[in-house]
Participant: 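Dropping the structure in here first, questions after.
We count ligands from 1, going down the list as the structure has it; atoms in each ligand are counted the same way.
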Amino acid sequence: MPMNQVAPAVEETRVTTRRRVLVTGGAGFLGSHLCDALVAAGHDVLCVDNFYTGSKDNIAGLLANPYFELIRHDVTFPLYVEVDEIYNLACPASPVHYQYNPVQTVKTSVHGAINMLGLAKRVRARILQASTSEVYGDPTVHPQTETYWGHTNPIGLRACYDEGKRCAETLFFDYHRQHGVAIRVARIFNTYGPRMHPNDGRVVSNFIMQALRNAPITIYGDGAQTRSFCYVDDLIDGLIALMNAGSATGGPINLGNPHEFTIAELADVVIELTGSRSTLVRRPLPSDDPRQRCPDITQAGAQIGWAPRVPLREGLAKTIAYFDAQLKQGVWASIGKPGE
Ligand code: NAD
Ligand code: UDP
């Protein structure tokens, strides 16, 4: 090229929508489905997990993919990586698991949030917190809207989880106000599906395991308490939609299925779908067990255009098929009672 000619501007050849996405708790139930969805969407996914409740089996299908990396790491310690987005899911979610080591549960929620928010601040990443309907405690408002401040017991057995998650929300909003970190807060209601831990003590996994083994189905209390169950695929769509939403949508946003069932009704449906010979047995209601829970998802519809699609029977049928296959393959031969 003659010296007096100006070189043409170099075309940007690496323009891509591929983002580097960190998923903490990525080997867990929700995290592994999220990793699947993000890799399938063409992103470069970094999964961080300490395998407290998660498992390599959950992410086995991703390990050979060059756009998936796994780091064994505890989020209560700082992490130095370069990413564009962070989904902070690391935290045991079932009462059996989060009450096993309550101090560690608080550390995971609070120190984990501080570490991941510090990382987001340093690398200017957008960060989403997997918060929970438990921030509403045993609610006095029904269905629960995001404007409701909740009714939690700060010193009870569930407090390590509920108050840890509430403090994490506080940290997210303070990092946003004080440091301009781009945050998204999802309040996730009871979610179920394949890859739930078989003995995490949660009601869906318990009932399915009991029904498939023709063992007594354990109803805690009178079974009149309610929950609203969201199928995992719907929930993952909601998390990704919230992350991708415009900056006006920081949340908190309720994500869950607004169809409410009593626990006794859930037991009947599981028995019917499995064709089980199980009988029902009553067990004491755990302390601080919320009586009624159902999300108001008006904001999710208005702000991110999201609503769940999978009805309970359809989602339960898929979940039962997964549990049945795992049991038949002997994968869970040594699984005992919840928490063992
Ligand atoms: P899960 O127990 O299957 O997954 C949690 C993952 O976090 C596991 O892989 C675990 O090993 C990992 N983990 C725990 N402590 C860690 C630490 N200190 N450092 C690194 N990794 C750690 O639970 P889940 O159901 O997949 O829940 C995921 C997130 O969603 C949690 O934050 C939970 O509070 C939230 N959530 C879940 C539900 C639900 O119904 N599943 C409802 C509300 C909120
Ligand atoms: N539950 C039950 N039998 C079980 C496990 C749970 O009746 O074997 C009840 C539990 O007391 C609660 C509801 O089912 O009222 C949901 O419990 P889970 O632990 O799944 O979720 P969370 O209470 O955290 O919503």
Side-chain angles (χ1 to χ4, degrees), residues 23-35 47-56 58-59 71-77 79 87-99 101 104-105 107-109 111-113 115-116 128-135 138 158 161-162 164-165 168 186-193 195-197 199-210 216-230 232 235-236 239 254-256 261-264 266-267 270 280-293 337-338:
V23 179
T24 76
F29 162 48
L30 297 182
S32 62
H33 285 280
L34 180 60
C35 289
C47 167
V48 162
D49 207 295
N50 70 349
F51 297 107
Y52 174 54
T53 51
S55 156
K56 284 187 186 163
N58 289 339
I59 47 168
I71 301 180
R72 181 189 287 266
H73 175 80
D74 185 324
V75 295
T76 63
F77 297 95
L79 177 69
Y87 289 84
N88 187 36
L89 272 64
C91 187
S94 83
V96 166
H97 288 149
Y98 70 64
Q99 290 170 17
N101 186 343
Q104 176 66 14
T105 300
K107 284 185 186 173
T108 293
S109 276
H111 293 189
N115 289 329
M116 291 309 113
L128 180 147
Q129 167 69 354
S131 190
T132 168
S133 53
E134 294 281 337
V135 300
D138 191 3
R158 294 174 87 105
Y161 183 74
D162 301 5
K165 288 285 187 177
R187 289 185 179 155
I188 302 169
F189 284 65
N190 297 63
T191 302
Y192 69 98
R195 300 186 193 153
M196 288 186 89
H197 198 290
N199 71 340
D200 66 5
R202 283 190 262 196
V203 69
V204 173
S205 43
N206 258 16
F207 284 4
I208 293 177
M209 287 290 281
Q210 291 162 344
I217 294 211
T218 51
I219 306 262
Y220 300 164
D222 59 8
Q225 70 270 36
T226 69
R227 294 293 186 272
S228 311
F229 300 100
C230 185
V232 62
L235 194 275
I236 299 302
L239 291 180
N254 287 341
L255 294 179
F261 295 86
T262 67
I263 295 307
L266 177 74
V270 170
L280 304 181
V281 291
R282 292 281 162 83
R283 294 282 179 267
L285 192 68
S287 71
D288 297 332
D289 198 282
R291 290 294 306 164
Q292 213 176 6
R293 184 184 291 152
K337 295 197 190 81

Participant: Taking atom 27 (O) of ligand 1 as the point of reference, which of Cys47, Gly25, Ala93 owns the nearest heavy atom?
Facilitator: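 Heavy atom nearest to atom 27 (O) of ligand 1 belongs to Ala93.
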Participant: Measure the shortest side-chain to side-chain distance between Pro286 and Tyr220 over non-hydrogen atoms and say whether it is less than 4.5 angstrom.
Facilitator: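 With C-beta onward as the side chain, the pair touches.
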Participant: Have a look at ligand 1 and work out which part of Glu134, if any, has a heavy atom under 4.0 Å from it: side chain, backbone, both or neither.
Facilitator: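 For Glu134, there is no contact with ligand 1 at all, from either part.
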Participant: Out of Tyr161, Phe229, Tyr192, whose heavy atom is nearest to atom 36 (N) of ligand 1?
Facilitator: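 That would be Tyr161.
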Participant: Below 4.0 Å from any atom of ligand 1, is there a heavy atom belonging to Lys107?
Facilitator: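 Judged by the 4.0 Å heavy-atom criterion, Lys107 does not count as contacting ligand 1.
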Participant: In this structure, does ligand 1 have an atom that sits under 4.0 Å from one of the heavy atoms of Tyr98?
Facilitator: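 In this structure, Tyr98 fails to qualify as a contact of ligand 1 - no heavy atom is under 4.0 Å.
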Participant: Taking heavy atoms and a distance under 4.0 Å, where does Arg227 meet ligand 2: side chain, backbone, both or neither?
Facilitator: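 Side chain only; the backbone of Arg227 stays clear of ligand 2.
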Participant: For ligand 1 and Lys165, I'd like to know whether there is a polar contact (N/O to N/O, distance under 3.5 Å).
Facilitator: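 Yes.
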Participant: Using a 4.0 Å heavy-atom cut-off, which part of Ser133 comes near ligand 2: side chain, backbone, both, or neither?
Facilitator: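 Near ligand 2, Ser133 shows nothing, with every heavy atom at 4.0 Å or more.
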Participant: Looking only at protein heavy atoms, which one is nearest to atom 19 (N) of ligand 1, and what is the separation?
Facilitator: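 Protein heavy atom with the smallest distance to atom 19 (N) of ligand 1: Val75 N, 2.9 Å.
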Participant: Kindly identify the option in Ile219, Thr226, Thr218 whose heavy atom sits closest to atom 4 (C) of ligand 2.
Facilitator: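 Ranked by closest heavy atom to atom 4 (C) of ligand 2, first place is Thr218.
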Participant: Compute the shortest N/O to N/O distance between Asn190 and ligand 2 and return yes if it is under 3.5 Å, no if not.
Facilitator: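 Looking only at distances, the answer is yes, because the N/O contact criterion of under 3.5 Å is met.
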Participant: So is there a nitrogen or oxygen of Ser133 less than 3.5 Å from a nitrogen or oxygen in ligand 1?
Facilitator: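 Looking only at distances, the answer is no, because the N/O contact criterion of under 3.5 Å is not met.
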Participant: Hey, is ligand 1 close enough to Ile188 that some N/O pair sits below 3.5 Å?
Facilitator: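 No, no N or O pair falls under 3.5 Å.
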Participant: Has ligand 1 got any nitrogen or oxygen that is less than 3.5 angstrom from a nitrogen or oxygen of Leu30?
Facilitator: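 By distance alone, the answer is yes.
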Participant: Counting non-hydrogen protein atoms only, what is the nearest one to atom 18 (P) of ligand 2? Give residue, atom name and distance.
Facilitator: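 Checking every protein heavy atom, the shortest distance to atom 18 (P) of ligand 2 gives Val203 N, 3.8 Å.
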Participant: Out of Asn101, Asn50, Asn58, Ile71, indicate the one that has the non-hydrogen atom closest to atom 21 (N) of ligand 1.
Facilitator: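 Going through Asn101, Asn50, Asn58, Ile71 one by one, Asn50 has the nearest heavy atom to atom 21 (N) of ligand 1.
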Participant: Should the proximity of Ile217 to ligand 2, defined as any heavy atom under 4.0 Å, be assigned to the side chain, the backbone, both, or neither?
Facilitator: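 It is neither part, as no heavy atom is under 4.0 Å.
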Participant: Applying a heavy-atom cut-off of 4.0 Å, say which part of Phe51 lies close to ligand 1: side chain, backbone, both or neither.
Facilitator: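 Backbone only.
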Participant: Select one of side chain, backbone, both or neither to describe which atoms of His197 lie under 4.0 Å from any atom of ligand 1, heavy atoms only.
Facilitator: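 None of His197 does.
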Participant: Looking at ligand 1, is there an atom of it that comes within less than 4.0 Å of some heavy atom belonging to Ala27?
Facilitator: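 Per 4.0 Å heavy-atom rule, Ala27 contacts ligand 1.
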Participant: Could you tell me if any non-hydrogen atom of Ser94 lies under 4.0 Å from any atom of ligand 1?
Facilitator: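 The answer is no, since Ser94 has no heavy atom less than 4.0 Å from ligand 1.
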Participant: Specify the protein heavy atom at minimum distance from atom 41 (N) of ligand 1: its residue, its atom name, and the distance to 0.1 Å.
Facilitator: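 Answer for atom 41 (N) of ligand 1: Arg202 NH1, 2.8 Å.
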Participant: Return a yes/no value for Thr132: is any of its N or O atoms, backbone included, closer than 3.5 angstrom to an N or O of ligand 1?
Facilitator: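 No; the residue has no nitrogen or oxygen that sits under 3.5 Å from a nitrogen or oxygen of the ligand.
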Participant: Heavy atom of His97 under 4.0 Å from ligand 1?
Facilitator: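 No; His97 lies far enough from ligand 1 that no heavy-atom distance drops under 4.0 Å.
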Participant: Return a yes/no value for Leu89: is any of its N or O atoms, backbone included, closer than 3.5 angstrom to an N or O of ligand 1?
Facilitator: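 Indeed, backbone or side chain, Leu89 has an N or O that close.
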Participant: Is Asn190 touching ligand 1 with its side chain, its backbone, both, or neither, if touching means heavy atoms under 4.0 Å apart?
Facilitator: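 The part of Asn190 near ligand 1 is the backbone, not the side chain.
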Participant: Report yes if some N/O of Phe29 lies less than 3.5 Å from some N/O of ligand 1; otherwise report no.
Facilitator: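 Yes, there is a polar N/O contact under 3.5 Å.
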Participant: Quick one: look at Gln292 and ligand 2, take heavy-atom pairs under 4.0 Å, and tell me if it's side chain, backbone, both or neither.
Facilitator: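 Looking at Gln292 and ligand 2, no heavy atom falls under 4.0 Å.
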Participant: Is the contact between Ser131 and ligand 1 made by the side chain, the backbone, both, or neither, using heavy atoms and a 4.0 Å cut-off?
Facilitator: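 Looking at Ser131 and ligand 1, just backbone atoms fall under 4.0 Å.
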Participant: Note the single closest protein heavy atom to atom 15 (O) of ligand 2, along with its residue, its atom name and the distance in Å.
Facilitator: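 Checked against all protein heavy atoms, atom 15 (O) of ligand 2 sits closest to Asp289 OD1, 2.6 Å.
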